[in-house]
Amino acid sequence: MAARRLWAFLAALRAGWCLLPQAGYLHPDEFFQSPEVMAGDVLNLQVYYPWEFLSSSPCRTAVFPLATSGVAYRVLKALQQLDVCSRCVSAYTLLVAPRLLLTVFSFVLDYSVHRLAPVWGAEPWQALLLLAGSYVTLVFYTRTFTNTLEGFLFALLLVLVSSKQSGGRDTKPPRSPLIGVVTAAGFFNRPTFLAFALMPLLCWAGCNADSRKSIKALINPFSKLITCACFTAVVFITADTVYFTSVGWDSLLSFRNSSLSDVIAQVNRRLVVTPFNFLRYNLDSRNLAQHGSHPRVTHFVVNGALLFGVLHLLAIDAGFKMLKKYIHRSVRVGWYYRGSPGLSVPSQGQPTLLLFYFVPLALLSLFSHQEPRFLIPLILPLVLFSASQNRAMKWQPVIIIFNVLGAFLFGCLHQGGLIPCLFHLEHLVHSLEASNHPRHYTLLFAHTYMPPRSLLNIEKKDTHVEVIDVAGSGEETLCQVVGQHANNGTCSDCHFLVIIPGTVRATISKCGVPLENETLIFPHLSMEDPPQISFLFSENWRSQLGLYILQLGRAQRSL
C-alpha cells in the first residue's frame, strides 16, 4: 500500500511539474523537432524552421509532430476561435500543451513496467518506483523529444514480444502485425530505433521458432510482420511526401492524361523517405562533426552514469559477472553447451534484460556523436533488471539523492532562465502599452541555447519584433552586431534588448553602448559559459547564475 501511494505521488509530481512548468531547457531539439515547426504550420506564428524540416532537406518525419504538437495546437486554436478563452494561445500554453500530451503518453512506460515485471522476475512496485522516481522520467519523458517517442515505442515493443503472462501460463506467440507497425513507426521516428528493436525482434523470432512446427507456420508470422511494416512505411512516406512537397489532389489529377511510366517517374521524383535522408546525413562523419564528436566510449562511461547513476553501474557489474561466468562455463563444457537463456523463462531472464540494455548502447556507440538523451529509451529494461533480486534496495538513499539532484539540475537550472525570459518578453511585446503605441523590438540572444521564437507568440504578418541569435559569438563579433543596431538612427521608437548570461555580461560593457535598463532572471546555468567557483562564494553569486535582459540605448546617448 505504501508503494502504491508513493507511486501515485510521483505520478502526480510528473503531471504537476509539467504544468508548473519546468524552466530547464535541455536541448534545442525539444522545441525545434516538433513544437516550433507546428506553431508555424498550425498557428501561423513567427518561428524558425530547422533545416531538417525544409523541403530541400527533409530528414524528420512530419507524422509524429503533427500527431503530438500539431494536435495540441489545433485544440488551442479551436478553443480560441470558439471564444472559450481569450488567451488560449499564449507563451504558457504554447510551452505546456505539447508537453502535457507527452506527459500523458509517458504513462505507457508505467503500464509496460507493470506488465513486464512478472515476466522478467522483477518486483512490480519496486520497478514502478524506480521508473517514476527517476529524473529521466520526470524531466526527459515530459519533453517533446523524438527520443521520448522512441522510448514509448520501445516499451510497447517489449510488451508485444513478451510470450508469457504474469500468471505463468503459456500464451500464443505475440501478434506479428502490431510488432511490424511499431517497428516501422519507430524507424520513421528515428532510424536508430532499429538498435533498440534488434534484441526484442530476435527474441520474438526465437519464440516463434520454438513454438512452430511446419515451415508454413514458421513463415506466416514473419510475412505478417513484413506486410504490416511495409504498409506502415507507405503511410509515413505518403504523409511526408504530401507535407514536404505539397502534393495535393490537384497535383494528382494532373497525372490523369499521363502514361503509367510518366506517373511513376513523377512520383519517384517527389517521394520523400525521411529515414533514408536521415541515415545518409548521419553516416557522413563530416556532418556529425558539425554537431560535436565524442569518444566512442562516451555512452558507456559518461552518458549512462549521468542518466541512470547507480542503476547503470549495477548493470555493468552484473554484465561483467555474467560474461565471466559464461566464459568459465564455456571453457569447462565446450562451445556446444545448450543452456542459453530463453525469453519466456523468468529465472533465466536476467541475461536477456542485460542484452536489451547493452546491445543498443553498443550499437549507438558506433556513432561519433553521442548525447545522453539518445539513451533514455533504455530506462525500461534497466529498471526491470534493477528491481529483480532486490539489487537496488541497498542503494536506495543514493538513488534518491541522485535523482533529486538530477531533477534540480536539468529541470530547473540548466539554461533555466531562457524560458522565463521568453515569457517576460512575450508579455512585454503584447502589453497594453505596446498595443496602443506600436513599438519595434530587436531581441538579441547571445551565449544561450537557440530561443524558440514561437513562445513570443508573434504572428507571421507582424513585423514589430526581430529576433537575432548570435549563439556563442566572440566579443568582437558581438560588439559589432550591438554597435550596428545601437547606431541605427532610422527608428525613433525602437527598443534594443540583449539577452545574455551573467557569466559573460561584462562583454556588453566593453561595447561602448549605454545601458537603459536591466532585468535579472534567476536561476540560469550555462554549461557552455560556466561560472567560476570563486564567484559563487562572492556577493554577486546570483549574477553568475542568472540571465540578463539588457535594454540598450543609442550609442550617441549618455546615461
Side-chain angles (χ1 to χ4, degrees), residues 109 112-113 115-137 151 154-155 158 161-162 164 195-196 198-200 202-203 206 296-333 337 339-365 370 372 374-403 406:
L109 298 178
S112 301
V113 166
R115 282 284 306 272
L116 293 171
V119 177
W120 298 102
E123 204 288 312
W125 285 106
Q126 185 180 340
L128 281 170
L129 291 179
L130 287 174
L131 173 72
S134 172
Y135 86 87
V136 173
T137 304
F154 182 49
L158 288 177
V161 302
S162 299
K164 197 162 190 170
F196 297 96
L198 176 61
M199 287 308 303
L202 288 177
C203 289
R296 293 297 196 276
V297 296
T298 301
H299 278 325
F300 186 81
V301 176
V302 179
N303 293 340
L306 182 65
L307 288 174
F308 309 120
V310 171
L311 302 188
H312 177 69
L313 300 179
L314 290 175
I316 291 176
D317 178 66
F320 277 121
K321 288 180 179 178
M322 290 183 182
L323 182 61
K324 181 180 177 181
K325 183 178 179 181
Y326 178 79
I327 294 174
H328 180 69
R329 181 179 299 177
S330 298
V331 170
R332 289 183 57 189
V333 301
Y337 177 67
S340 58
L343 173 68
S344 61
V345 185
S347 62
Q348 297 292 331
Q350 306 310 310
T352 308
L353 282 176
L354 286 176
L355 289 175
F356 286 170
Y357 182 72
F358 282 114
V359 169
L361 192 150
L363 292 175
L364 293 176
S365 297
Q370 301 184 18
F374 296 166
L375 302 182
I376 63 172
L378 296 178
I379 189 173
L380 194 137
L382 189 58
V383 298
L384 290 173
F385 177 79
S386 302
S388 60
Q389 302 178 9
N390 292 323
R391 286 186 176 88
M393 286 301 294
K394 62 180 180 180
W395 297 99
Q396 187 174 2
V398 178
I399 293 173
I400 293 174
I401 294 173
F402 172 81
N403 285 305

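Annotation: side chain of Y357 is not in contact with side chain of L353 (no heavy-atom distance under 4.5 Å). No side-chain heavy atom of S112 sits under 4.5 Å from any side-chain heavy atom of L158. Contact annotation: the side chain of L131 never approaches that of L380 to less than 4.5 Å [non-hydrogen atoms, C-beta and beyond].
A side-chain hydrogen bond (donor to acceptor under 3.5 Å, both in side chains) check over residues 125-137, counting only residues at least two apart or in different chains, returns nothing. The stretch residues 376-387 participates, sequence neighbours left out, in no side-chain hydrogen bond (donor to acceptor under 3.5 Å, both in side chains) pair at all. Residues in residues 379-394 take part in no salt bridge (Lys or Arg N to Asp or Glu O under 4.0 Å) pair, two or more places apart or across chains.
Side-chain N or O atoms of Q370 include one that pairs as donor or acceptor with a backbone N or O of S365 at under 3.5 Å.
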**OP:** Quick one: do W395 and L314 satisfy side-chain contact (heavy atoms from CB on, under 4.5 Å)? Show the steps, please.
**Re:** CA-CA 10 Å; W395 297 99; L314 290 175; 3.7 Å; yes
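The minimum heavy-atom distance between F154 and P377, with the atom names listed, is CD2-O, 3.3 Å. When all heavy atoms of L109 and A155 are compared, the pair lying nearest together is CD2-CB, 3.8 Å. Smallest separation of non-hydrogen atoms from S162 and L116: OG-CD2, 2.7 Å. Nearest approach of A392 to L311, heavy atoms of both residues: CB-CD2, 4.2 Å. Summarising the geometry of G121 relative to S388, their closest heavy-atom pair is O-CB, 3.6 Å, with the distance given to 0.1 Å. A pairwise comparison of heavy atoms in C203 and T352 identifies SG-CG2, 3.8 Å as the closest pair.
Aromatic ring orientation, H312 versus F300: perpendicular (interplanar angle above 60°, classes split at 30° and 60°). Ring planes of F356 and W120: perpendicular class, angle over 60° (limits at 30 and 60°).
Every side chain to side chain contact (heavy atoms under 4.5 Å, CB included) that I401 has, sequence neighbours left out, goes to L405. Taking L355 as the reference, M199, V359 meet the side chain to side chain contact (heavy atoms under 4.5 Å, CB included) condition, with sequence neighbours excluded. Considering only residues two or more places apart in sequence or on other chains, K321 meets the salt bridge (Lys or Arg N to Asp or Glu O under 4.0 Å) condition with D317. Not a single ring-ring contact (aromatic ring centres under 6.0 Å, His included) links F385 to another residue, sequence neighbours left out. For the side chain to side chain contact (heavy atoms under 4.5 Å, CB included) test, residues two or more places apart in sequence or in another chain that qualify with V301 are V297. Here P360 pairs with F196, L378 under the side chain to side chain contact (heavy atoms under 4.5 Å, CB included) rule; sequence neighbours left out.
Here the CD1-CG distance, from I379 to L384, works out to 10.5 Å after rounding to the nearest 0.5 Å.
Between L375 and the choices L306, L382, N303, the side-chain contact (heavy atoms from CB on, under 4.5 Å) rule is met once, by N303.
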